[in-house]
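Presented below is the structure to which this report refers.
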Amino acid sequence: MDKVIKPKTARGKRKLLQREPKVIEGPKNCVFLRSSTINQFTTDVMKDICTLKKPFTVFRNKHGNKLILPFEDVSPVEFLCKKYECPLFVVGSHSKKRANNIVMGRTFDNQVLDMFELGIENYKPMAEFKIPKIAIGSKPLLIFGGEQFDEQEEFKRFRNFLIDFFVGCKLDGLRLSGVEHVIQVVAHESKILFRCYKVRLSPTGTKYSKLELEEMGPRIDFSLRRSKLASDDLLKKSLKKPAEVRIKKVKNIKKSKLGTTFGRIHMTRQDYSGLQTRKMKGLKKTAATS
Amino acid sequence: MAAIDCNIGSILEQIEEKEKEALKSVQIEKELVDLDLGLCLMVDNNPLDSNELRSKKEDYLLNLAKTNGQFLMNNLADLETETVEGYTCVKLPAGKTPIPRALPIPKPKPPTKWETYAKEKGIQHKKREKLVWDDVAKQWKPRYGYNRINSTKDQWVVEVPQNKDENTDMFEEIQEAKREKVAKNEFQRLRNIARANKIKGSSLTPVLPKDGKEKETRDEVMNAAAVARVSTASLGKFDRKLPNGLDKIEAKLSSKAAKASGKKRKFESNFDNIDKEKKRYSDILNKIDKGDKIDGNKALSIITQKKINAAVKSDNEKTKGKDRKSKKGKKAGKRVSFHNRSQQKKKQMGSKGGFKGKSKGGPRKGK
């Protein structure tokens, strides 16, 4: 049975109202959790990912002695995701069996939807690339490559997850000169190569500008370990769009390329009986006919 | 003139050539590519060059990013532009890639009993002014809330009506009346919630695992056991029964399980004794002969009575289940399940002798 929480203060009430589901949702926040067994290496990786995701992040620095293993027990993760209002999570841990391990995942309705366990094979931190950093919250260009992303269901879902993770705010307009970085993810030989490049645009005199890239880090090679994919049922539920957002097809209205609107009207059959044709003497109504 | 013309022509040509060159360095043609410009996303479905990726990994990846990024940027630049706060922006279309929501779509708030009634009768909400003129205090006062008009706090003397004992404390009576009102309001609120959350269909509530902090109640364990019992292929027909000492529990469990399993059709044997069959048919014929008609009103009343009984029963079961919990003396914390809360309220009311059932209690009986 769902608990009915009755707020005691007006502030609490507002907070609860804020947490309620909305028709149009904002960007997804991500909580970064450190299991008690984490090492510095994995922490660094997490921090770099956090930098890319900022400002929609909560980095939980205190790790205490809490062992968080999402694939064994998902409840602490779900609890913390709910607490920090973050539908995305990243959990870092390190053990002999699963060295340098991070688990990335997302929740729907405060329950885990998908999660992916990644092993870090190769890592060059952001700090080692001596170039100026990007502004916080800038929109990345996302590029995916590799056939594996289309062949395997796990990879396919992981690609969707990464899009979900890095896409940030929904924008109506974008200033192209403000694009600052490119995130490229390539799947090759069951490894996931994660690269970030800083963008420099030079004008060409046309509306297209030339794109020059320089690696800014982090450079990470992941291997996909375990994964938990959402059932089709749950995924379908989570993908459902509210009626307010769904675009209704407007019937019988078209727009030409010049922007003129054309409408098609359907009418009932015309009444010809009252139609005035050409008047002729011979066809004149006589008293006998009328 | 001719010379100038020539000059302009050549200049234009030069410019054109320059543009062409510039475009050449920028323009990229690619196939097998999925673009989602709304999300600034590109999915390259072209096969990778494995050899080069192995030998010169970083260079290859950088080149790949360069060409793909340029392609994506060009496509973004092709979009319609608009000026926002002095900057030229491209208008992004809506994203195509399906991205799951974080929370489910909000459901419309279930109407309260009053709201449904008002809608049925066409009663519309009239907006009243917040401030009213107080003739006694000669000032505007709020209709309700702090420092409101006709506040009981302002009353320093209250007349004792003739039908009451002259020693009654009228201030206490007023307080009591107010308490009753508040309790009634709370009760109705809870009842509205209960109505909104009513689970139809199966008599068994779904069994959900708990997070380990809370213990399952006796009823919940019973429900879980009943569901488990009928969750076999044979609907629990061949399951082992509980040992002999637990007859009472067994009876309850099996009755619950029977309810959960649904009805099974039963057919009579084809080779039964003929007399029984004969009698059944003759009974039917007799009935027709008599001209016994079905009384529609009576049938309807029977059906509705049955439904009411079922509702009362299910409600009673729920309150019984929660009773045990409240006996333990668990204090009402910040989070209280509404059934629990209603119980506590009722207890309070009982001790104070307030709320003597002015509202229809409905199927909820305190005992």
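Convention: sequence-line order gives letters A, B, ...; per-chain numbering from 1. In this text, all values refer to a predicted model and were calculated from it rather than measured experimentally.
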Any donor and acceptor pair, going by atom type alone, linking the side chain of B:Q70 with main-chain N or O of A:L211 inside 3.5 Å? yes

Given heavy-atom pairs under 4.5 angstrom as the criterion, report whether the side chain, backbone, both or neither of A:L193 touches chain B. side chain

Would one find more than 12 heavy atoms of other residues, nucleotides or ligands at under 6.0 Å from atom CG of A:D233? no

Does atom CD1 of A:I247 have more than 12 heavy-atom neighbours, drawn from other residues, nucleotides or ligands, at distances under 6.0 Å? no

Does atom NZ of B:K30 have more than 12 heavy-atom neighbours from other groups under 6.0 Å away? yes

Under a 4.5 Å heavy-atom cutoff, which of B:D34, B:L62, B:L23 has the most pairs with chain A? B:L62

Within the supplied structure, the quantity of interest is the number of heavy atoms (other residues, nucleotides, ligands) at a distance under 6.0 Å from B:K20 NZ; does it exceed 12? no

Most contacts with chain A, counted as non-hydrogen pairs under 4.5 angstrom, among B:P98, B:A65, B:G95, B:S25: B:A65

Chain A contact via B:S50 - which portion, at a heavy-atom distance below 4.5 Å: both

Residues in residues 155-162 of chain A near chain B [non-hydrogen atoms, under 4.5 Å]: A:R159, A:N160

Candidates A:R195, A:E215, A:R219 - the one meeting side-chain contact (heavy atoms from CB on, under 4.5 Å) with B:L61: A:R195

Examine whether an atom of A:E244 lies under 4.5 Å from a heavy atom of chain B, and if so say whether it belongs to the side chain, the backbone or both; otherwise answer neither. neither

Is there side-chain contact between A:S177 and B:Y87, with heavy atoms separated by less than 4.5 Å? no

Whatever's closer than 4.5 Å to a heavy atom in chain A on B:V26 counts as side chain

B:L64 versus chain A, the contacting section by heavy-atom distance below 4.5 Å: both

Less than 4.5 Å to any heavy atom of chain B: does that hold for the side chain of A:L113, its backbone, both, or neither? side chain

Between A:E189, A:E20, A:K237, which shows the greatest number of heavy-atom pairs under 4.5 Å with chain B? A:E189

Under a 4.5 Å heavy-atom cut-off, does chain B meet the side chain of A:K240, its backbone, both or neither? both

Carboxylate-amine/guanidinium proximity below 4.0 Å for B:K57 and A:D221: yes

By a 4.5 Å heavy-atom criterion (distance strictly below it), what part of A:K139 contacts chain B: side chain, backbone, both, or neither? side chain

Would you please go through residues 200-210 of chain A and name the residues with a non-hydrogen atom below 4.5 Å from one of chain B, in numerical order? A:L201, A:T204, A:G205, A:T206, A:K207, A:Y208, A:S209, A:K210

Could you check whether atom CZ of A:R246 has more than 12 heavy atoms from other residues, nucleotides or ligands sitting under 6.0 Å from it? yes

Using every non-hydrogen atom in the two residues, find where A:P21 and B:P104 come nearest and quote the distance to one decimal. CB-O, 3.1 Å

With a 4.5 Å cut-off on side-chain heavy atoms, are A:D172 and B:K91 touching? no

Winner by heavy-atom pair count (cut-off under 4.5 Å) against chain A, out of B:L53, B:N45, B:L79: B:L53

Would you say B:I105 and A:P242 make side-chain contact, with heavy atoms under 4.5 Å? yes

Using a cut-off of under 4.5 Å for heavy-atom pairs, which of B:Q27, B:E19, B:R54 has the most such pairs with chain A? B:R54

For a 4.5 angstrom cut-off between non-hydrogen side-chain atoms, does A:N110 reach B:L103? yes

Which one of A:I163, A:L171, A:V182, A:T107 has the most heavy-atom pairs closer than 4.5 Å to chain B? A:I163

Between B:M73 and A:L141, is any pair of side-chain heavy atoms under 4.5 Å apart? yes

Okay, A:Y197 and chain B: the region with an atom under 4.5 Å from a heavy atom over there is side chain

What I'd like to find out is whether the side chain of A:R175 reaches to under 4.5 Å of the side chain of B:T88, using heavy atoms alone. no

Salt-bridge test for A:E212 and B:K66: reply yes if a basic N is under 4.0 Å from a carboxylate O, no otherwise. no

Check: B:P100 and A:R106 side chains under 4.5 Å, non-hydrogen atoms: yes

Does any part of the side chain of B:C40, heavy atoms only, come nearer than 4.5 Å to the side chain of A:L142, both counted from C-beta? no

Residue among A:D109, A:D164, A:I143, A:L174 with most heavy-atom pairs under 4.5 Å to chain B: A:L174

Could you check whether atom NZ of A:K191 has more than 12 heavy atoms from other residues, nucleotides or ligands sitting under 6.0 Å from it? no

Among A:G173, A:P140, A:G12, which residue forms the greatest number of heavy-atom pairs with chain B at distances under 4.5 Å? A:G173

Which atoms of B:E21 are under 4.5 Å from chain A, going by heavy atoms: the side chain, the backbone, both sets, or neither? neither

Taking B:R101 for its side chain and A:V23 for its backbone only, find out whether a donor-acceptor pair lies under 3.5 Å. yes

Residue selection (most heavy-atom pairs with chain B, distance under 4.5 Å) from A:Q111, A:E25, A:Q184: A:E25

Using a cut-off of 6.0 Å, state whether more than 12 heavy atoms not belonging to B:E80 lie near its atom CD. no

